[in-house]
Amino acid sequence: MKQKVVALLQQAVEELIEQSVLQSDWIPEISVERTRDAQHGDFASNLAMMLAKSAKTAPRQLAEAIIAALPDDVSVEKVEIAGPGFINFFVNPAAQHQIIADILRLGPSFGKSEVGAGKKVQVEFVSANPTGPLHVGHGRGAVYGSVVAELLRAVGYDVANEYYVNDAGRQMDILATSIWLRYLECCGQTIQFPSNGYRGGYVEDIARQFFDRVNQDFCFVAAEVFDGVPVDEPQGGDKEQHVDGLISKARELLGQERYTQIFQAGLTAILADIRDDLAEFGVDYQHWFFESLLVDDGSIEAALERLDKAGHLYKKEGATWFASSLLGDEKDRVVVRENGQSTYFASDIAYHMNKLDRGFERIINVWGSDHHGYVPRVRAAMTALGADADKLEVLLVQFAVLYRGAEKVPMSTRSGDFVTLRHLRDEVGVDAARFFYVLRKSDQHMDFDLKLATSQTNDNPVFYVQYAYARICSVLRQLEEKGLSRNRQQGLESLELLSTEHEVSLIGLLTQYPEVLERSALKYEPHHLVHFLRELANHFHTYYNAQQFLVDDVKLRDARINLIEAIQQCLSNGLGLLGVNSPESM
RNA sequence: GCGCCCGUAGCUCAGCUGGAUAGAGUGCGGCCCUCCGGAGGCCGAGGUCAGAGGUUCGAAUCCUCUCGGGCGCGCCA
């Protein structure tokens with residue numbers, strides 16, 4: 001409908017150009033908005049005000065000329081000039097009613113579109129280091145990323161969800177070493193656990209399972225392990241040097257093969273846990289991309305060579321630098337360290353080159369907003385690789401602060417007793433957790449109240465929306481239990497009977513759903529959809545309290561049943577995109 | 001110190017490429033089923049859109065400055 005209004009205005013403008021009232025080079029993009037106030041009709045355009053200056057005509061006068069030039073259309077009931085020069089469109093009720101037939105016909109695909117048809121997009125999200133279970137900080141990115149991907153699919157894009165597994169860095173060596181030390185404890189050794197090691201209980205679990213499998217094969221006495229290793233921080237040393245010393249010792253004593261076995265045991269166990277965790281949270285991936293692949297197949301060298309050939313690399317103080325400051329970054333970045341090791345950033349350059357090579361038209365990265373300083377250097381890398389940096393879209397997600405009522409939930413990651421995502425799911429459930437995470441704009445801080453999310457009262461927005469759905473299901477059950485007749489076709493032919501204030505506004509809302517969906521998708525802002533669903537639920541509850549659906553008048557009853565079925569479908573479609581269930585009873 | 005983000009009702013937050021009288025939820029004060037699920041609905045009070053300039057027909061929205069808060073500034077990942 002909105003498109004139709006734009007088209008009508010477009011024709012009017014062309015007509016006025018022909019009449020030389022307007023000139024073709026003045027014409028701005030025609031903007032049509034939903035009105036906020038029903039008194040202003042359904043759609044409004046500020047076109048006359050935009051053109052007034054260049055046409056040297058008063059906005060209201062120009063608006064009159066535009067209206068006079070508008071072609072007739074059956075779905076437009078009337079057009080008015082209002083305020084400083086707005087052109088307000090009132091849509092014919094019969095045209096509005098059509099939406100109910102559309103929804104019932106389209107079912108689950110109501111609201112979808114093809115604006116992204118034929119375009120390949122990648123959404124990379126979560127990508128937490130596989131050094132421990134996911135915590136609540138990852139939850140928001142997980143839900144946000146998966147919903148953005150789902151929204152893009154709904155408007156036609158060919159979307160691939162991807163998780164980048166950082167399995168090649170120093171953190172993984174620390175993990176492997178931590179597991180080994182716990183394993184040594186299983187062997188009966190007494191270990192002074194490094195302050196910089198991974199202390200979580202899951203490390204001990206992995207070590208114990210590993211011990212059960214390999215027995216004493218990896219055992220060494222503690223004295224030998226710690227011999228010659230720089231002292232730890234509590235003893236006045238440096239914790240980084242201490243843990244690095246232990247990593248070297250692990251490699252040396254175990255040899256490459258056994259070290260790799262421990263390393264793989266840790267990676268496999270934790271990754272399996274992350275996969276299960278995400279799957280249970282309704283988050284699925286098409287690809288799990290391993291950083292180690294880039295190391296092993298020479299991609300990093302290839303990427304650096306490409307940058308070097310294009311003249312973006314130089315050597316200084318024994319290291320190799322990427323001249324990113326010439327491409328918008330704050331300073332140049334090291335890609336190969338003095339010791340010959342490539343940096344994490346070098347992997348990331350190779351990774352993004354790989355993404356580009358896979359032919360995605362748009363590359364979306366969902367990152368924690370604490371990484372925002374990292375964006376310019378990746379964009380610089382894209383440019384230096386010869387790609388259009390605008391293909392890259394980095395969506396930043398702020399951490400949520402957890403509360404239980406008024407009380408803040410402590411979240412220390414140091415001690416390993418942080419609140420895990422699994423814990424959150426257990427406490428509030430998948431539906432509430434997902435809904436809450438996308439309730440707010442993603443790049444804003446948010447307070448997540450666990451108590452509110454689990455409350456079974458009207459202040460909980462998840463239950464509020466789900467309840468609207470369940471209520472409709474209940475009415476439909478009543479229809480059957482009471483043995484009332486129901487004729488969908490007759491209902492569709494009687495839609496003009498839906499004329500109360502509540503019905504008109506509900507139908508108006510339903511017509512907005514496809515627009516809301518498209519906007520949420522294209523702007524990567526799921527919260528618009530969430531707000532829409534709350535509003536739809538609210539209007540339904542009001543309607544429910546004001547009017548009886550199962551009335552004696554058969555035609556009216558059929559029409560109303562069609563309306564609430566359309567609402568039911570729309571709620572379920574929207575909740576489905578959010579990964580939230582639509583329960584038939586609660 | 002430099003860079004990015006943010007500041008809207010008591011609290012949590014919306015506010016689409018600048019548009020009409022700035023909106024929800026919660027909390028607070030009233031009220032509403034002989035009826036399809038009261039996990040609901042209605043009404044009311046509550047605002048210097050942090051502050052000050054500027055841009056224009058029009059600014060919560062764009063520009064500049066000030067104040068207040070968050071984050072980032074490794075040859076870590």
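Labels below follow one simple rule: chain letters A, B, ... track the order of the sequence lines, proteins then strands, and each chain is numbered from 1.
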Q: Measure the distance from OH on Tyr543(A) to C1' on rC32(B) and round it to the nearest whole Å.
A: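 Rounded to whole Å, this separation is 19 Å.
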Q: Enumerate the residue pairs fulfilling salt bridge (Lys or Arg N to Asp or Glu O under 4.0 Å) with a member in residues 434-444 of chain A, sequence neighbours excluded, ordered by first and then second residue.
A: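 Non-adjacent pairs meeting salt bridge (Lys or Arg N to Asp or Glu O under 4.0 Å): zero.
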Q: Once side-chain hydrogen bond (donor to acceptor under 3.5 Å, both in side chains) is applied, do any residues pair with Ser324(A), and if so which ones, sequence neighbours excluded?
A: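 Only Asp329(A) meet the side-chain hydrogen bond (donor to acceptor under 3.5 Å, both in side chains) criterion with Ser324(A).
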Q: Considering residues at least two apart in sequence or located in another chain, which fulfil the ring pair (Phe, Tyr, Trp, His ring centres under 6.0 Å) criterion with His242(A)?
A: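 Scan of His242(A) (ring pair (Phe, Tyr, Trp, His ring centres under 6.0 Å), adjacent residues dropped) gives none.
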Q: Counting neighbours of CD on Glu480(A) that are heavy atoms of other residues, nucleotides or ligands and sit closer than 6.0 Å, is the number greater than 12?
A: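 Count not over threshold, so no.
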Q: Roughly how many Å apart are rC16(B) and rA22(B), using the P atom of each and rounding to a whole number?
A: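 Here rA22(B) and rC16(B) have their P atoms 15 Å from each other.
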Q: Could you tell me which nucleotide pairs with rC75(B) by Watson-Crick or G-U wobble geometry, both distances under 3.5 Å, or answer none if nothing does?
A: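 With both distances under 3.5 Å required, rC75(B) matches none.
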Q: Regarding Thr131(A) and Gln171(A), do their side chains bring together a donor and an acceptor under 3.5 Å, going by distance alone?
A: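 No pair is found: no donor N or O on one side chain lies under 3.5 Å from an acceptor on the other.
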Q: Using ring pair (Phe, Tyr, Trp, His ring centres under 6.0 Å) as the criterion, list what pairs up with Tyr351(A), not counting sequence neighbours.
A: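 Here the qualifying residues are Tyr164(A), Phe289(A).
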Q: Pick base, sugar-phosphate or nothing for Ser369(A), based on heavy-atom distances below 4.0 Å to the nucleic acid.
A: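 Since only primed, P, OP1 and OP2 atoms lie under 4.0 Å of Ser369(A), the category is sugar-phosphate.
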Q: Please name all residues satisfying ring pair (Phe, Tyr, Trp, His ring centres under 6.0 Å) with Phe436(A), sequence neighbours left out, ordered by chain then number.
A: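 Listed in chain order: Phe448(A).
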Q: Taking any strand in view, what nucleotide pairs with rG18(B) in a Watson-Crick or G-U wobble way, both distances under 3.5 Å?
A: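 Across all strands, not a single nucleotide pairs with rG18(B).
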Q: Using the salt bridge (Lys or Arg N to Asp or Glu O under 4.0 Å) rule, collect all pairs that involve residues 510-534 of chain A, keeping only residues at least two apart or in two chains.
A: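 As it turns out, the salt bridge (Lys or Arg N to Asp or Glu O under 4.0 Å) pairs with a partner in residues 510-534 of chain A, which skip direct neighbours, are Arg34(A)-Glu515(A).
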Q: Considering just the side-chain nitrogens and oxygens of Asn545(A), establish if one lies under 4.0 Å of OP1 or OP2 belonging to rC32(B).
A: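 For rC32(B), OP1/OP2 do not have a side-chain N/O of Asn545(A) under 4.0 Å.
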Q: Watson-Crick or G-U wobble partner for rG58(B), using a 3.5 Å limit on both distances?
A: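 Pair assignment: rG58(B) / none.
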Q: Looking at every strand, decide which applies to Gln547(A) at a 4.0 Å heavy-atom threshold: base, sugar-phosphate, or nothing.
A: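 Base contact.
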Q: CD of Gln61(A) versus P of rC57(B): gap in Å, rounded?
A: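 Value for this atom pair: 17 Å.
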Q: Considering only the C1' atoms, how many Å lie between rA59(B) and rG18(B), rounded to the nearest integer?
A: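 Per the computed distance, 6 Å lies between those C1' atoms.
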Q: Using heavy atoms to find the nearest nucleotide of RNA chain B for Val334(A) and Ala470(A) separately, return the residue whose nucleotide is more 5′.
A: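 Its nearest nucleotide lies further toward 5', so the answer is Ala470(A).
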Q: Please encode protein proximity along nucleotides 16-24 of chain B as a string of B, S and -, counting only heavy-atom distances under 4.0 Å.
A: BB-BB----
Q: Taking only the C1' atom of each, what is the distance from rC49(B) to rG37(B) in whole angstrom?
A: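 One C1' to the other, the span is 40 Å.
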Q: Roughly how far apart, to the nearest Å, are rU8(B) and rG3(B) at atom C1'?
A: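 One C1' to the other, the span is 26 Å.
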Q: Using the C1' atom as the reference point in each nucleotide, state the distance between rG29(B) and rC67(B) in Å, no decimals.
A: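 Straight-line distance between the two C1' atoms is 36 Å.
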Q: For Met172(A), report the nucleic acid contact type (base, sugar-phosphate, nothing); a contact means any heavy atom under 4.0 Å.
A: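 Nothing: the residue Met172(A), judged by heavy atoms under 4.0 Å, touches no strand.
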Q: Answer yes or no: is there a donor N or O on one side and an acceptor on the other, between the side chain of Arg60(A) and the main chain of Gly83(A), under 3.5 Å?
A: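 Such a contact is found between Arg60(A) side chain and Gly83(A) backbone.
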Q: Which residue, Asp370(A) or Asp447(A), contacts RNA chain B at a nucleotide closer to its 5' end, judged by nearest heavy atom?
A: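 The answer here is Asp447(A).
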Q: Among all residues two or more places apart in sequence or in another chain, which pass the ring pair (Phe, Tyr, Trp, His ring centres under 6.0 Å) test with Phe290(A)?
A: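 If we apply the ring pair (Phe, Tyr, Trp, His ring centres under 6.0 Å) test to Phe290(A), skipping adjacent residues, there are no hits.
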Q: Once you round it to whole Å, what is the distance between P of rG25(B) and NE2 of His539(A)?
A: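 That distance rounds to 11 Å.
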Q: For rG37(B), give its Watson-Crick or G-U wobble partner with both distances under 3.5 Å, or none.
A: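 Partner of rG37(B): none.
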Q: Which residues, if any, of residues 338-350 of chain A bring a heavy atom under 4.0 Å of RNA chain B?
A: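 Residues of residues 338-350 of chain A under 4.0 Å from RNA chain B: Glu338(A), Tyr344(A).
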Q: Please state the P separation for the pair rG15(B) and rG54(B) - nearest whole angstrom.
A: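 Straight-line distance between the two P atoms is 29 Å.
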Q: Throw together a table of side-chain donor-acceptor distances under 3.5 angstrom for residues 548-555 of chain A, partners on residues two or more places apart or in other chains.
A:
residue: Asp553(A); atom: OD1; partner: Lys555(A); partner atom: N; Å: 3.1
residue: Asp553(A); atom: OD1; partner: Leu556(A); partner atom: N; Å: 3.2

Q: Quick one: are the ring centres of Phe532(A) and Tyr513(A) less than 6.0 Å apart?
A: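 Yes; Tyr513(A) has its ring centre under 6.0 Å from that of Phe532(A).
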Q: Under 4.0 Å, heavy atoms only, any strand: does Ser585(A) hit a base, just the sugar-phosphate, or nothing?
A: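 Contact class for Ser585(A): base.
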Q: Does rG38(B) have OP1 or OP2 under 4.0 Å away from a side-chain N or O of Tyr544(A)?
A: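 Affirmative; the distance criterion is met.
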Q: So which protein N/O to nucleotides 1-5 of chain B N/O distances come out below 3.5 Å?
A:
residue: rG3(B); atom: N2; partner: His372(A); partner atom: NE2; Å: 3.2

Q: Partner lookup for rC4(B), please. Criteria are Watson-Crick or G-U wobble with both distances under 3.5 angstrom; report none if nothing qualifies.
A: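 The base-pairing partner of rC4(B), which may sit in any strand shown, is rG70(B).
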Q: For Phe549(A) and rG41(B), what is the distance between atoms CZ and P respectively, to the nearest whole Å?
A: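 Rounding to the nearest Å, CZ of Phe549(A) and P of rG41(B) are 13 Å apart.
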Q: When the distance from CG of Asp449(A) to C1' of rG27(B) is rounded to whole Å, what number comes out?
A: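 Computing the Asp449(A):CG to rG27(B):C1' distance gives 13 Å.
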Q: Please determine, for rG53(B), whether a Watson-Crick or G-U wobble partner exists with both distances under 3.5 Å, and give it or none.
A: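 Checking every strand shown, rG53(B) finds its partner in rC63(B), with both distances under 3.5 Å.
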Q: For rG27(B) and rC42(B), measure between their P atoms and round to the nearest Å.
A: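 15 Å, rounded to whole Å.
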Q: Which nucleotide wins on minimum distance to the side chain of Phe463(A), given the candidates rA14(B), rA39(B), rC75(B)?
A: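 So the side chain of Phe463(A) is nearest to rA39(B).
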Q: CD of Gln466(A) versus P of rG37(B): gap in Å, rounded?
A: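 Between P of rG37(B) and CD of Gln466(A): 18 Å.
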Q: If we call it a pair only when both distances are under 3.5 Å in a Watson-Crick or G-U wobble match, what pairs with rG27(B)?
A: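 Across all strands, not a single nucleotide pairs with rG27(B).
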Q: Answer yes or no: does a side-chain N or O of Lys316(A) lie under 4.0 Å from OP1 or OP2 of rC75(B)?
A: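 No.
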Q: Tell me the interatomic distance from Tyr464(A), atom OH, to rG37(B), atom C1', rounded to whole angstroms.
A: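 Rounded to the whole Å, the gap is 15 Å.
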Q: Nearest whole angstrom, please: distance from the P of rC36(B) to the CD of Gln478(A).
A: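 In whole Å, rC36(B) P and Gln478(A) CD are 7 Å from each other.
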Q: Would you please indicate if the ring centroids of His138(A) and His135(A) are separated by under 6.0 Å?
A: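 Distance test on ring centres: under 6.0 Å, yes.
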Q: Can you list everything that forms a side chain to side chain contact (heavy atoms under 4.5 Å, CB included) with Gln398(A)? Sequence neighbours excluded, please.
A: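 For Gln398(A) the side chain to side chain contact (heavy atoms under 4.5 Å, CB included) partners, ignoring immediate neighbours, are Arg140(A), Ser369(A), His445(A).
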